[in-house]
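One structure is given below, encoded as structure tokens.
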Amino acid sequence: MDNDTFGGLLREARQRSLFTLESLAEASGVSVRAISDMERGKSLPRQATLGELLDALRLEEDERRRLVRAATRRSRQVPRQLPPDLSVFRGREEALAAVRGFTSHMAGRGGHVVISAIGGMAGVGKTTLAVHWAHEAAERFPDGQLYVNLRGFDADGQPLDPGEALGGFLRALEVPGEDIPSGCEERSTLFRERTAALRLIVVLDNARDADQVRPLLPGSAGCLTIITSRNRLPGLAATEGASLVSLDVWSREEAVTALAARIGEERCAAEPAAAAELVELCGCLPLAVAVVGAQLSTVPGMPLRVGVRELRETRPRLDALAVDDGRVDVRAVFSWSYRALGAETARFFRYLCVHPGPAVSAEAAASLAGVGTGQGLRCLRELTAASLLTRDTDGCYVVHDLVRDYGTELFEREKDDRLGAETRLLDYLRHNAHGANRFVWRFPSRPAGTPAPGVARVETGDREEALEWYRREEATADAALRAFHDPRLLRHRLDLTLEWVAYNSVTGRWAEEISACRTALDAALTLDDPVGVARTGAHLSRALVEQGNLDEAGELLDLILRQLPRLPLDEQLQAERHASRTRHYEQRYEEGLRHARNSLAIARSLDQPYEVARALAIVAYFLCVSGDPKEAVATCEEVLPLLRETGNRHDEAATWRHMGHARQRAGDLTDAIAHYGTALGIYQEVLDDYNVADVLDHLATAQLEQGDVARARANWDRAAELFTALRAVRADETRAKAKAAVAAQPDVRPAG
């Protein structure tokens, strides 16, 4: 850590003062977790907290000033996720006056206001008002703005899971992926903690109901939360003190003003009756007026009365956009805009509406239509200009759900190729993931085959670019697995899931991985594909273990082992290795050793040195925990040269740890401590903090046996700090060992 940062300076000061995290927490009244977060650069203290820490540390004046300066130096990236404000925003004076009043009231009392802007129909301008208000109030909230589309009324009927939304918020607040919990409740708790001292605007757009919203409410009295929904949310008013704003369609005057902002005041003034009838035919619905305005702006010489006649005469109707009096035909508005498109863009629009997610990248859109990326970008620009699309802050394209409904009707009417579109999208997501995985996953990837013609390829040059592509497409991948049900796509869904395992694993998306793998496992069983069953079962099992569900993981192992007679040898090897891993978690070590030896025998029969070395390392582990120490040491000595030859540093470090464990069990503490030290050095070299902490735990037990209580205590303290940083449950266990060691030797001074 940079010693000029607050975290680095705090850690140095604590260690010089011979404080552990626990003893400083006790002296200052600040929690261990809060101090740990500060030292790791994840948070900065409030003024009162800073004073408590400095008083407890009893620092000289110069050092106090350094820490104060560092604590007030803000390096955090401020999230700015709001979509762009609409330059032609007009009207809504009554609603704006109300929400401005809420903001002023909030500023005066320092309270937390929750607003729900609710309209009677889609397209009424709820999001536009919320975004405009948020931009207007942004200066009062210096810690930034968060935005998410909760997809409460998407065509597929699948609202965004609050846990997924929280994952995006936590990443925007610079929480590392490995520190983001898998469960929604845990993510919500962490979100409230991270926002407790912040002044943020949080926009929760298109919410389904109050239950979807509650986990996403920040924890600070200085945050403004703006919620939009088609449903009224009285539960939030009752339980969260929400102030509700009911948003209706525009008045005719507001609608004409908005139309004039798009096509020119002179044009509307020249034909005032036609302008008034145009907006009435749109039901004064902001979305429909925007589409009409965009279309009229492309034909500046056309009289408005011609537009009125076309809107009257166009059929059929889009019932979902008709107002109560039945005179308004908004489908005609969409039809008019659609018919003005070139043939190439019209086809592209229909295929775009097959996309199952809330936003689509240019490459995914081009793949759906089976066209080149350049052609796709041209079509997207034309559709955006016609107000059939908008863009989000990530540069992706958003299709309003009602526009999507209209495009889907056209797709079915034209008898376009849905299977082809869905196949290309799945191939796009799979094959580009395969390319990205060479930067994401440390294990070799299997051949991916050839994608369908028309699939866009995205080149990634490093890990950052690969992860950015994954982040951009993760919502699309999740939605495609939920929405594409054609039985002819079972193989594609299975292959896509297997390719995305790398990303889900390295970013801790265990809940998403479980959902995807359940879908893939069903596909593999339907296809009667033993390899698919074994692979998806293993990945699902691992994700379940990460969430603490050992029982179901064990049931899945039985399913995997039933596939063994039908698996090729290399897949049998992976299945046996997975079985040994599962038995390790279950602490059934004898069975684990049997599976490890089975995998070793298969690896040797395949004559694959890398796999032989990995299998031997696993055998060595089980011998260390349950077998003969001498045999364990001999196996470790056999595997180490193989691991060095293959360059497998992780397994080399693990083997030194196993050998240390075996020596310790045999009573040879000197050699055990030396072997642990070697393992520790390698794990530190490869930046594996979890296993550094694990080795420190083992090392401390050997040092305690040797009578070196002070070093044992110091290493347990170091291990506890690392486990705490990783949110691992073993933190409490190692901390308890350190305290027990001191209790047994009360004359030992606490280690710094």
Side-chain angles (χ1 to χ4, degrees), residues 83-99 117-133 136 228 230 245-300 302-314 317-338 340 385-390 400-403 406:
D85 195 8
L86 193 63
S87 62
V88 292
F89 183 90
R90 295 292 187 278
R92 299 301 189 199
E93 292 304 323
E94 183 176 344
L96 279 172
V99 298
I118 304 171
M121 63 192 320
V124 79
K126 302 181 296 293
T127 299
T128 301
L129 175 65
V131 170
H132 182 78
W133 175 24
E136 186 179 89
T228 74
R230 291 190 204 173
V245 175
S246 183
L247 199 62
D248 204 346
V249 297
W250 275 325
S251 68
R252 186 173 69 176
E253 292 73 22
E254 285 179 319
V256 170
T257 300
L259 179 64
R262 293 178 176 275
I263 67 173
E265 293 183 4
E266 300 84 357
R267 199 172 174 188
C268 287
E271 296 183 80
E277 190 169 357
L278 271 174
V279 298
E280 286 181 356
L281 286 169
C282 292
C284 293
L285 184 70
L287 174 63
V289 173
V291 174
V292 169
Q295 192 58 40
L296 287 170
S297 67
T298 66
V299 282
M302 187 180 80
L304 297 188
R305 63 180 180 276
V306 175
V308 169
R309 184 175 65 249
E310 289 193 11
L311 279 178
R312 283 177 181 162
E313 296 173 356
T314 302
R317 293 178 179 271
L318 186 61
D319 295 336
L321 281 174
V323 296
D324 291 342
D325 63 12
R327 293 181 293 117
V328 178
D329 186 354
V330 180
R331 180 184 278 115
V333 175
F334 295 149
S335 173
W336 185 18
S337 185
Y338 171 75
S387 290
L388 288 170
L389 296 180
T390 58
H400 188 280
D401 50 3
L402 297 168
V403 176
Y406 175 71

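Only a predicted model underlies this, so the values are computations on that prediction, with no experimental measurement involved.
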Query - Partners meeting side-chain hydrogen bond (donor to acceptor under 3.5 Å, both in side chains) with Arg252 (sequence neighbours left out) - result: Glu280

Report summary line: Sorted by chain and number, sequence neighbours left out, side-chain hydrogen bond (donor to acceptor under 3.5 Å, both in side chains) with Thr127 holds for Asp205

Requested in this report: Answer whether the closest heavy-atom distance between the side chains of Cys268 and Ile263 falls below 4.5 Å.
Outcome: yes

Requested in this report: For Ala274, check side-chain contact (heavy atoms from CB on, under 4.5 Å) against everything at least two apart and list the hits.
Outcome: Glu271, Leu304, Val308

Report summary line: Shortest non-hydrogen pair, Val131 vs Pro84, comes out as CG1-O, 3.8 Å

Report task. Could you pull out the closest heavy-atom pair between Ala255 and Trp250, with the gap in Å? Result -> CA-CE3, 3.6 Å

**Report entry** Main-chain N/O of Ala275 paired to Arg305 side chain as donor or acceptor, under 3.5 Å
**Finding:** no

Report task. Step by step, work out the side chain to side chain contact (heavy atoms under 4.5 Å, CB included) result for Leu296 and Arg267. Result -> CA-CA 10 Å; Leu296 287 170; Arg267 199 172 174 188; 4.1 Å; yes

**Report entry** Residues forming a salt bridge (Lys or Arg N to Asp or Glu O under 4.0 Å) with Glu136, sequence neighbours excluded
**Finding:** Arg100

**Report entry** Over 12 foreign heavy atoms within 6.0 Å of CD, Glu253
**Finding:** yes

Report task. Please list, chain by chain and in numerical order, all residues satisfying salt bridge (Lys or Arg N to Asp or Glu O under 4.0 Å) with Glu277, sequence neighbours excluded. Result -> Arg312

